[in-house]
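So that the names make sense, note that chain A is the first sequence line, chain B the second, and so on, each numbered from 1.
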Amino acid sequence: MDATAKRLLDWYDAHARDLPWRSPPGAPPPEPYRVWLSEVMLQQTTVAAVGPYFAKFLARWPTVMDLAVADDAEVMAAWAGLGYYARARNLLACARAVAARGGVFPDSEAALRELPGLGAYTAAAVAAIAFGERAAVVDANVERVAARLLALDEPLPAARSAIRAEVMRLTPAERPGDFAQAMMDLGSTVCTVRNPRCLLCPLAEDCEGRAAGPERFPVKPAKKARPARRGRAFWIERDGAVWLVRRAGKGMLGGMRALPDDGWAARGDGAGEPPLAGSWQAGGVVRHGFTHFDLELQLMLYSGSDWDSLPANTGEWWRLDRLEEAGLPTLFAKAARLALADKD
DNA sequence: GATACGTGGAC
DNA sequence: TGTCCAAGTAT
């Protein structure tokens, strides 16, 4: 085994984080279902945010077969607030694909890579952690650790092939899953984006980037400014219930329950019409930052009583005293909070 | 390779 | 307070 890998595993044996989806260092791996579920939730999402969602999903759908027969609406609602909702849609598609093969996950990186929602990272992570395959697990933590070890001047994303080659070279045949998790723990607790704790690092003696200033690595391209968009959302209330719709299956907040809106997501100009003609009044503004634009959402309150003109089968009346269960994404949860606060 | 796709925490 | 960013994937 490579000496660097050995140092890292020794460090992991002493310092591994205790996480709900993880086995202790050297212990038999968790069930593939748990590894897969946690890895999908952890895509671009912090450990702290995932914790309660992982517990909720595992309690409600203890096995992949349970998840495969779940109602889409329940799964989407359970995912609400976690973000990147394509993950929830792919989670269901993947569970059903696994159920179709008897509820048994494929055990190789290449076969896992064919499942919905499993890209290069997740396929390698599940293969290494759940099945002990020697696969190159490269996430943002590992990229940072590797770029610093090599003092890699080439900027991302072009540097990824060199990083992947280095990670593959370092990954041991013994305990590849622990090695992957050790690299990620190191990146998140020691080799951090800002103020890395080199004095605590088990790989300091191997690190080319330490002397040059580890924070220089990895080199990243400049960020683009986020444009601003405006839109309107429509609050229609009747007898202690609000009118909710289901968003289209793709695109922004796809597949999620929502307030009706004017199409800001698709057009960006907020040109769409309210679902009811008649009297509307402004009810405040919600500001919400998405990955690639900032939204200023004008909440519009309906003050008429022509509810029967709502297009049938395009939405549902949802009781206000159970609004938490609707599974609104954060943007619309904020808007609902505003609408209900205005009534006081 | 570039872009769309959420959210909340850290500093 | 605004900026950066996180266990990425699909197209």
Side-chain angles (χ1 to χ4, degrees), chain A residues 17 19-22 34-54 76 79-91 93-94 112-130 135-145 155-161 167 177 179-189 191-195 215 218 220-227 229 247-256 258 265-266 268 286-295 327-334:
Chain A
R17 286 181 293 174
L19 301 173
W21 45 84
R22 183 183 270 187
R34 295 180 182 227
V35 176
W36 163 72
L37 180 62
S38 64
E39 289 299 342
V40 172
M41 288 183 167
L42 286 161
Q43 290 166 6
Q44 295 286 288
T45 307
T46 58
V47 164
V50 166
Y53 285 86
F54 180 77
M76 299 309 290
W79 196 276
L82 200 54
Y84 283 147
Y85 299 101
R87 291 184 295 171
R89 304 194 297 271
N90 285 328
L91 192 80
C94 181
L112 287 160
R113 182 68 181 80
E114 299 303 311
L115 293 170
L118 280 83
Y121 163 77
T122 307
V126 175
I129 297 170
V137 179
V138 183
D139 75 330
N141 288 304
V142 178
E143 273 182 0
R144 187 170 57 254
V145 171
L156 293 175
R160 294 219 162 98
S161 63
V167 172
F179 175 83
Q181 293 175 95
M183 286 284 277
M184 294 190 279
D185 273 17
L186 189 72
S188 61
T189 64
C191 194
T192 47
V193 175
R194 288 175 295 270
N195 303 315
E215 286 178 289
K220 293 185 178 182
K223 293 247 187 294
K224 295 173 185 174
R226 283 195 302 192
R229 287 194 201 175
R247 295 178 65 81
K250 293 186 176 180
M252 285 294 299
L253 312 177
M256 300 299 287
V286 173
R287 295 175 207 286
H288 192 74
F290 290 105
T291 307
H292 53 297
F293 63 91
D294 290 314
L295 179 66
L328 294 176
T330 300
L331 168 68
F332 293 113
K334 284 183 185 175

Hey, which sits more toward the 5' end of DNA chain B by its nearest nucleotide, A/His288 or A/Ala158? A/Ala158
First locate atom CG of A/Leu331, then atom CZ of A/Arg287, and finally report the distance between them rounded to the nearest 0.5 Å. 13.0 Å
Atom NE2 of A/His292 and atom C1' of C/dC4: how far apart are they, to the nearest Å? 18 Å
Scan nucleotides 5-11 of chain C nucleotide by nucleotide, 5' to 3', and note B when protein non-hydrogen atoms come under 4.0 Å of the base, S if they reach only the sugar-phosphate, - if neither. SBBBSS-
Set of salt bridge (charged side-chain N to carboxylate O under 4.0 Å, His left out) partners for A/Glu143, sequence neighbours left out: A/Arg160
Say you pick atom C1' in B/dG1 and the same atom in C/dG8; how far apart are they, in whole Å? 16 Å
Per the under-4.0 Å heavy-atom filter, residues of residues 327-334 of chain A near DNA chain C come out as none
Taking atom C1' in both C/dC5 and B/dG6, what distance in whole Å separates the two? 13 Å
Would you classify A/Leu82 as touching base, sugar-phosphate or nothing, given that sugar-phosphate means primed atoms plus P, OP1 and OP2, and contacts are heavy atoms under 4.0 Å? base
Reading DNA chain B in the 5' to 3' direction, which nucleotide is the first one with an atom under 4.0 Å from a heavy atom of chain A, and which is the last? B/dT3 to B/dG8
C/dT9 and B/dG8: how far apart are their P atoms, nearest whole angstrom? 22 Å
Under the side chain to side chain donor-acceptor pair (under 3.5 Å) rule, collect the residues that match up with A/Arg247, sequence neighbours excluded. A/Asp261
Partners passing ring pair (Phe, Tyr, Trp, His ring centres under 6.0 Å) against A/Tyr53 (at least two apart in sequence or in another chain): none
Between C/dA7 and B/dA4, how far apart are the two P atoms, rounded to whole Å? 24 Å
Are the side chain of A/Arg89 and the backbone of A/Gly255 linked by a donor-acceptor contact shorter than 3.5 Å? no
Which label fits A/His288 and A/Phe290: parallel for a plane angle under 30°, tilted from 30 to 60°, or perpendicular past 60°? perpendicular
Are the side chain of A/Arg87 and the backbone of A/Met41 linked by a donor-acceptor contact shorter than 3.5 Å? yes
Might you point out which heavy atoms bring A/Arg226 and A/Phe293 nearest each other, and give the distance in Å? CD-N, 4.0 Å
Which is true for A/Met252 with a 4.0 Å heavy-atom rule: it touches a base, it touches only sugar-phosphate, or it touches nothing? sugar-phosphate
Students often get this wrong, so: under 4.0 angstrom with heavy atoms, is A/Gly251 touching a base, only sugar-phosphate, or nothing? sugar-phosphate
Where each residue is assigned the nucleotide of DNA chain B containing its nearest heavy atom, which of A/Gly81 and A/Lys224 is assigned the position nearer the 5′ end? A/Lys224
Between CE of A/Met183 and SG of A/Cys191, what distance do you get to the nearest 0.5 Å? 8.5 Å
Taking all non-hydrogen atoms of both residues, which atom of A/Thr192 and which atom of A/Ser188 are closest, and how far apart? CG2-O, 3.6 Å
With no hydrogens and no angle check, just 3.5 Å: does a side-chain donor-acceptor pair link A/Gln181 and A/Arg22? yes
